[in-house]
Engineer: 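I'd like to ask some things about the structure below.
Only heavy atoms go into these numbers, but all of them, side chains included; no hydrogens, no water, no symmetry mates. By convention in this document, chain letters (A, B, ...) are assigned in the order of the sequence lines, proteins followed by strands, and residues within each chain are numbered from 1. Remember, it's a predicted structure, so these values are computed and weren't measured experimentally.
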Amino acid sequence: MTADAPMKDMKEIVALCKRRGFIFPASDIYGGINGFWDYGPLGVELKNNLRDLWWKWMVTCPPIGPDGQPVEIVGVDSAIIQNPKAWEASGHVGGFSDPMVDCRETKLRYRADHLIAYLPSTFDPKDDSNLIPVFMQGTPDDEIEKKFKKIGFHFAISQCETVPFVELEKYGYVEDYGLLLLRKDSSAKHKILKERTVGPDTKTVGTLTEPKQFNLMFHTFIGATGGDENKAYLRPETAQGIFLNFKNVLDSTRVRVPFGIAQIGKAFRTEVNPRNFIFRSREFEQMEMEWFCHPDEAKLWRDFWFAERQKFWRAIGLRSDNLRMRDHDQDELSHYAKAGLGTADIEYRFPFTAPDFGELEGIAHRCDFDLTQHQKHSGVKLEYMDPVTQEKFMPHVIEPAAGLTRGVLAMITEAYTPDPSRPSGVYLDLHPALAPKKAAILPLTAKDQHPVIATKLYMELRGEFAVDLDIKQNIGKRYARQDEIGTPYCFTIDDQTVADQTVTVRERNTMKQERIAIANVAEYLRKNIRAV
RNA sequence: GCGGGUGUAGCUUAGUGGUAAAGCUCCAGCCUUCCAAGCUGGCUAUGUGGGUUCGAUUCCCAUCACCCGCUCCA
């Protein structure tokens with residue numbers, strides 16, 4: 001969005017989505033449900049169009065690689081529920097959710113692993129006057145000293161041991177040594193320690209809550225009886241279904257490294273706070289491709305997919321400077337990407353993130369983390385034997401992982417174009433390949449030969465294109481309706497059509513009209529909506 | 001998860017402790033030769049659940065959803 005372009009109002013976009021049948025609140029008649037959305041008749045067309053274009057770019061007609069050779073990518077469609085061991089191996093069961101600590105007084109929330117407790121060497125849990133100040137990691141020493149004085153904590157920093165807040169409970173007081181030592185069982189005392197803490201932003205003792213664990217994954221139960229032994233998870237990403245099938249794909253097809261496996265499907269995450277329409281929802285759809293390559297070629301392929309994926313988003317309509325690439329900082333890298341070449345996001349400036357950007361797609365170097373983990377946990381050998389060099393190695397993975405549902409939102413917001421000069425006040429400038437309806441057939445009036453000819457044309461086109469026939473009401477209303485849903489072309493039948501077999505074509509963005517032979521309408525559409 | 005705000009028809013708004021009003025949209029019909037025109041008619045609403053009351057859309061409580069800010073976002 002340039003500075004002088006009209007602001008795109010998220011409220012209006014959400015309203016249009018509902019009014020015209022793109023996106024509805026899930027369970028709308030029951031008052032909705034936080035974090036879930038339904039796609040209506042036009043929304044599902046738009047989403048499917050975007051999905052199919054991605055699949056075409058990645059699987060059906062993949063690009064030429066950096067070495068001039070066509071790249072090879074195959075698809076899978078794995079189950080949403082897998083053996084729970086798969087999620088233990090991938091690390092999703094263990095430690096992805098960061099425990100959080102709340103301050104009851106200030107209502108502030110902290111990441112538990114960022115909190116540091118200061119324990120004086122002479123700390124005596126039996127003495128009520130002994131406090132444990134807690135600070136955020138990286139708090140400057142002078143601030144800490146100042147706070148010490150304020151709360152009557154009579155020690156210097158140098159006299160204290162710093163202990164991660166989350167490990168506080170592991171510390172107990174051992175009289176024999178007069179020191180704080182790590183003990184396995186200190187259940188009798190850890191509660192006392194917690195009650196002595198003073199949070200970073202308060203002077204009151206004991207306002208910090210226990211660390212709360214947030215589970216990333218949805219739980220479910222297999223079978224009718226439930227019970228912990230039947231516990232399973234809904235996948236939080238489609239990627240693992242690909243890794244689980246790595247060996248099956250190698251054994252059943254003739255692909256060789258380097259190659260890719262792609263998958264599109266639903267994923268589920270228990271977002272703490274769903275927000276911003278469909279941007280952060282608990283059920284969403286991903287388009288992921290895992291590219292398996294030799295470790296030495298990881299850099300080459302990462303750069304290739306960085307460029308390739310940007311091309312995609314630009315080609316289907318995100319042409320503005322609302323799209324950008326951004327390398328992750330070291331501290332925001334995920335566990336698997338830390339050792340590798342890092343992660344870069346393709347980001348879009350959504351109205352609700354502006355002037356910031358929100359992630360649309362992440363391109364990560366996952367190294368050999370996933371295959372190694374699954375090999376370890378499953379006991380199945382997943383190394384690759386290069387048939388030419390006879391070299392045995394664990395392939396590295398470059399992963400372009402895009403949000404399909406976020407893509408839909410980006411498409412809608414990018415296309416949403418307020419235009420006070422036209423009756424609808426707005427139109428959707430969707431790429432014709434993405435538009436839910438490619439054209440509308442409109443008899444100028446509902447009498448004489450107009451509807452007859454229009455119906456005939458509609459019957460011819462509907463076998464090949466998603467087209468609408470709209471006869472009722474005046475022509476301006478019908479143009480306006482099509483503008484709002486982003487239909488790129490309207491063919492109008494009038495008296496001249498009866499005389500010379502021509503129709504007018506109205507182009508959505510310019511509202512300009514030209515006259516073409518009715519016999520050429522199909523070819524006209526074919527040419528103009530050609531997929532990117 | 002915290003704090004603040006908002007909930008009356010598809011949308012925008014009105015109103016009231018006693019039958020809930022209008023414009024636009026939508027639908028049907030008439031009219032209409034190119035951009036939501038006109039005429040006639042029609043559908044549709046007090047987010048949900050409690051409480052107070054003879055009676056609650058209105059007052060109270062809870063809850064849900066959405067918006068803003070914080071927090072979070074492997």
Engineer: Would a line drawn from the ring center of F277(A) to the ring center of F279(A) be shorter than 6.0 Å?
Structural biologist: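 That pair fails the under 6.0 Å test.
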Engineer: Is N34(A) near enough to rC66(B) that one of its side-chain N or O atoms lies under 4.0 angstrom from OP1 or OP2?
Structural biologist: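 For rC66(B), OP1 or OP2 has a side-chain N or O of N34(A) closer than 4.0 Å.
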Engineer: Kindly point out which of rC67(B), rG29(B), rC35(B) is positioned nearest to the side chain of R275(A)?
Structural biologist: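 Closest nucleotide to the R275(A) side chain: rC67(B).
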Engineer: Reckon P236(A) touches a base, only the sugar-phosphate, or nothing at all at heavy-atom distances under 4.0 Å?
Structural biologist: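 Base, at least one base heavy atom under 4.0 Å.
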Engineer: What is the nucleic acid contact for R20(A), judged by heavy atoms within less than 4.0 Å: base, sugar-phosphate only, or nothing?
Structural biologist: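 The answer is base, as R20(A) lies within the cut-off (heavy atoms under 4.0 Å) of a base atom.
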Engineer: What is the nucleic acid contact for E484(A), judged by heavy atoms within less than 4.0 Å: base, sugar-phosphate only, or nothing?
Structural biologist: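 Counting heavy atoms under 4.0 Å across all strands, the contact made by E484(A) includes a base.
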Engineer: Give the nucleotide from the list rC27(B), rA37(B), rC35(B) with an atom nearest to the side chain of I475(A).
Structural biologist: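 Of rC27(B), rA37(B), rC35(B), rC35(B) is nearest to the side chain of I475(A).
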Engineer: What does M10(A) touch in the nucleic acid at a heavy-atom separation under 4.0 angstrom: a base, only the sugar-phosphate, or nothing?
Structural biologist: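 No contact.
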Engineer: Does a side-chain N or O of K11(A) approach OP1 or OP2 of rC66(B) to a distance below 4.0 Å, or not?
Structural biologist: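 It does not, given that no N or O in the side chain of K11(A) lies less than 4.0 Å from OP1 or OP2 of rC66(B).
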Engineer: Under 4.0 Å, heavy atoms only, any strand: does R506(A) hit a base, just the sugar-phosphate, or nothing?
Structural biologist: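 Answer is base: heavy atoms of R506(A) come under 4.0 Å of a base.
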Engineer: So, is N474(A) close to the rA36(B) phosphate, meaning a side-chain N or O under 4.0 Å from OP1 or OP2?
Structural biologist: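 No, outside the criterion.
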Engineer: Let's see if you can work this out: which of rC35(B), rU71(B), rA37(B) has an atom nearest to the side-chain heavy atoms of K477(A)?
Structural biologist: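 Nucleotide nearest to K477(A)'s side chain: rA37(B).
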Engineer: Considering only rC27(B), rC68(B), rU32(B), which nucleotide approaches the side chain of R481(A) most closely?
Structural biologist: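 Shortest atom-to-atom distance from the side chain points to rC27(B).
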Engineer: Which value, in whole Å, describes the distance between the C1' atoms of nucleotides rA21(B) and rU58(B)?
Structural biologist: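 Looking at atom C1' only, rA21(B) and rU58(B) are 16 Å apart.
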Engineer: Is K438(A) close enough and on-axis enough to F465(A), meaning under 6.0 Å and within 45°, for cation-pi?
Structural biologist: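 Not flagged: K438(A) not positioned over aromatic ring of F465(A).
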Engineer: Is there a side-chain polar atom (N or O) of K472(A) under 4.0 Å from OP1 or OP2 of rA28(B)?
Structural biologist: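 Looking at the OP1 and OP2 atoms of rA28(B), one of them is under 4.0 Å from a side-chain N or O of K472(A).
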Engineer: At under 4.0 Å between heavy atoms, what does F24(A) touch on the DNA or RNA strands: base, sugar-phosphate, or nothing?
Structural biologist: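 Here F24(A) touches no strand at all.
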Engineer: Apply side chain to side chain contact (heavy atoms under 4.5 Å, CB included) to residues D77(A) and Q263(A) and explain how you reach the verdict.
Structural biologist: CA-CA 6 Å; D77(A) 186 7; Q263(A) 168 156 240; 3.8 Å; yes
Engineer: Looking at rC35(B), rA28(B), rC68(B), which one has an atom nearest to any side-chain atom of Q513(A)?
Structural biologist: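 From the listed options, rC35(B) comes nearest.
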Engineer: With a 6.0 Å cut-off on the ring centroids, do Y233(A) and H219(A) count as close?
Structural biologist: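 Yes, the ring of Y233(A) comes within the 6.0 Å limit of the ring of H219(A), centre to centre.
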Engineer: Tell me whether the NZ or CZ atom of R506(A) lies within the 45° cone about the ring axis of Y479(A) and under 6.0 Å from its centre.
Structural biologist: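 Geometry flag: set, cation within 6.0 Å and 45°.
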Engineer: Kindly point out which of rC27(B), rU71(B), rG10(B) is positioned nearest to the side chain of R19(A)?
Structural biologist: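 Per side-chain heavy atoms of R19(A), the pick is rG10(B).
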Engineer: Can you tell me the base-pairing partner of rC30(B)? Count Watson-Crick or G-U wobble geometry only, both distances below 3.5 Å, and say none if there is no partner.
Structural biologist: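 The base-pairing partner of rC30(B), which may sit in any strand shown, is rG38(B).
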